[in-house]
There are 2 protein chains.
Amino acid sequence: MNGIFKALADPTRRKVLELLRQGPMAAGELSDRFPVSRPTMSAHFNILREAGLIAAHRDGKSIVYRLQLSVLEDALLSFGQLFGIGGTAPAAPREGSSA
Amino acid sequence: MNGIFKALADPTRRKVLELLRQGPMAAGELSDRFPVSRPTMSAHFNILREAGLIAAHRDGKSIVYRLQLSVLEDALLSFGQLFGIGGTAPAAPREGSSA
DNA sequence: ATGATATTTAGCTAAACGTCGAAATGAGTC
DNA sequence: GACTCATTTCGACGTTTAGCTAAATATCAT
């Protein structure tokens with residue numbers, strides 16, 4: 001859980017996830033869309049992969065990353081539910097209920 | 001947006017938000033629930049406040065923090081919607097759609 | 001086996017982060 | 001005004017993070 005939020009805390013990594021939403025993409029192709037070096041991007045991929053947010057598989061010379069949407073979904077939803085945000089809202093005191 | 005994710009990246013700060021969900025609480029009372037010093041907690045409060053996630057107001061000798069649920073809600077919801085997570089799902093390719 | 005391409009690992013620097021103790025500020029009380 | 005309580009600011013320290021270049025690894029083609 002913490003790894004996911006840590007991974008999400010960096011704008012570059014969030015953009016990677018957004019790009020991957022359109023479909024799997026190779027590391028190099030992904031890197032080309034960011035103004036940082038490939039090693040730096042590789043480190044970002046590692047963090048996202050360790051958090052479970054993306055999965056890697058080799059395809060010939062390339063390594064293709066794909067979004068693990070369900071992991072992101074579970075994290076966002078279960079965190080949101082702690083606050084009654086999103087789909088099913090539990091009985092929770094609202095902000096201005098006693099002011 | 002980035003400030004919110006940065007703020008959410010720390011477990012202590014996430015727990016502060018969870019505690020505040022039950023209602024406003026003074027800085028000291030809040031600090032008593034964590035195994036770190038008051039100055040440290042004060043720094044966490046600052047980060048949460050600068051992100052807009054909590055609001056402070058003085059009440060006598062104490063400073064009372066309250067959760068800004070709508071800010072958290074907006075952030076979570078709008079980020080989630082980028083991925084078709086949560087309430088209204090836009091037309092988005094699902095993970096295993098072409099595998 | 002050699003060479004070319006794609007990606008990562010290794011080693012580094014600079015900045016940011018979380019933490020602390022001590023001192024300073026703000027608000028009530030006597 | 002002086003004192004006390006609640007909280008924050010300040011300055012320091014060790015750790016983590018994002019970034020880089022250069023070198024290593026893995027795969028494919030010749």
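Any value given below was found using the heavy atoms of this structure, including those in side chains, with hydrogens, waters and symmetry copies removed.
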Output the rounded distance in Å from [atom1] ([X]) to [atom2] ([N]).
| X | N | atom1 | atom2 | result |
| --- | --- | --- | --- | --- |
| B/K61 | D/dT8 | NZ | P | 15 Å |
| A/D10 | D/dA18 | CG | P | 5 Å |
| A/H57 | C/dA6 | NE2 | P | 16 Å |
| B/H44 | D/dT8 | NE2 | C1' | 15 Å |
| A/F45 | D/dT17 | CZ | C1' | 17 Å |
| B/R49 | D/dT9 | CZ | C1' | 12 Å |

If you only use heavy atoms from C-beta on, which nucleotide in [options] is closest to the side chain of [X]?
| X | options | result |
| --- | --- | --- |
| B/A27 | D/dT8, C/dT19, D/dA18 | D/dT8 |
| A/A26 | C/dT7, D/dT7, C/dG26 | C/dT7 |
| B/N46 | D/dT9, C/dA27, C/dT8 | D/dT9 |
| B/T40 | C/dC20, C/dA6, D/dA18 | C/dC20 |
| B/I47 | D/dT9, C/dG18, D/dA18 | C/dG18 |
| A/R13 | D/dA18, C/dG18, D/dC28 | D/dA18 |
| A/S62 | C/dA6, D/dT7, D/dA18 | C/dA6 |

- Task: With heavy atoms under 4.0 Å as the rule, sort B/L30 into base, sugar-phosphate or nothing.
- Result: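 It contacts nothing in the nucleic acid.
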- Would you check if the distance from the ring center of B/F79 to the ring center of B/F5 is below 6.0 Å? yes
- Query: Any ion pair linking A/K15 and A/D10 (charged N to carboxylate O, less than 4.0 Å)?
  - Reply: no
- Task: Please determine if a side-chain N or O atom of B/R58 lies less than 4.0 Å away from the OP1 or OP2 oxygen of D/dA6.
- Result: no
- B/S37 side chain N/O closer than 4.0 Å to the phosphate oxygens (OP1, OP2) of C/dC20? yes
- Could you say whether A/P39 or B/Y65 is positioned toward the 5' end of DNA chain D, judged by the nucleotide with the nearest heavy atom to each?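 So the residue in question is B/Y65.
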- Could you pick out which residue, A/D59 or A/R38, lies toward the 5' side of DNA chain D when each is mapped onto its nearest nucleotide? A/R38
- Message: Please check this pair: side chain of A/R13 against backbone of A/L8, looking for a donor-acceptor N/O pair closer than 3.5 Å.
- Response: no
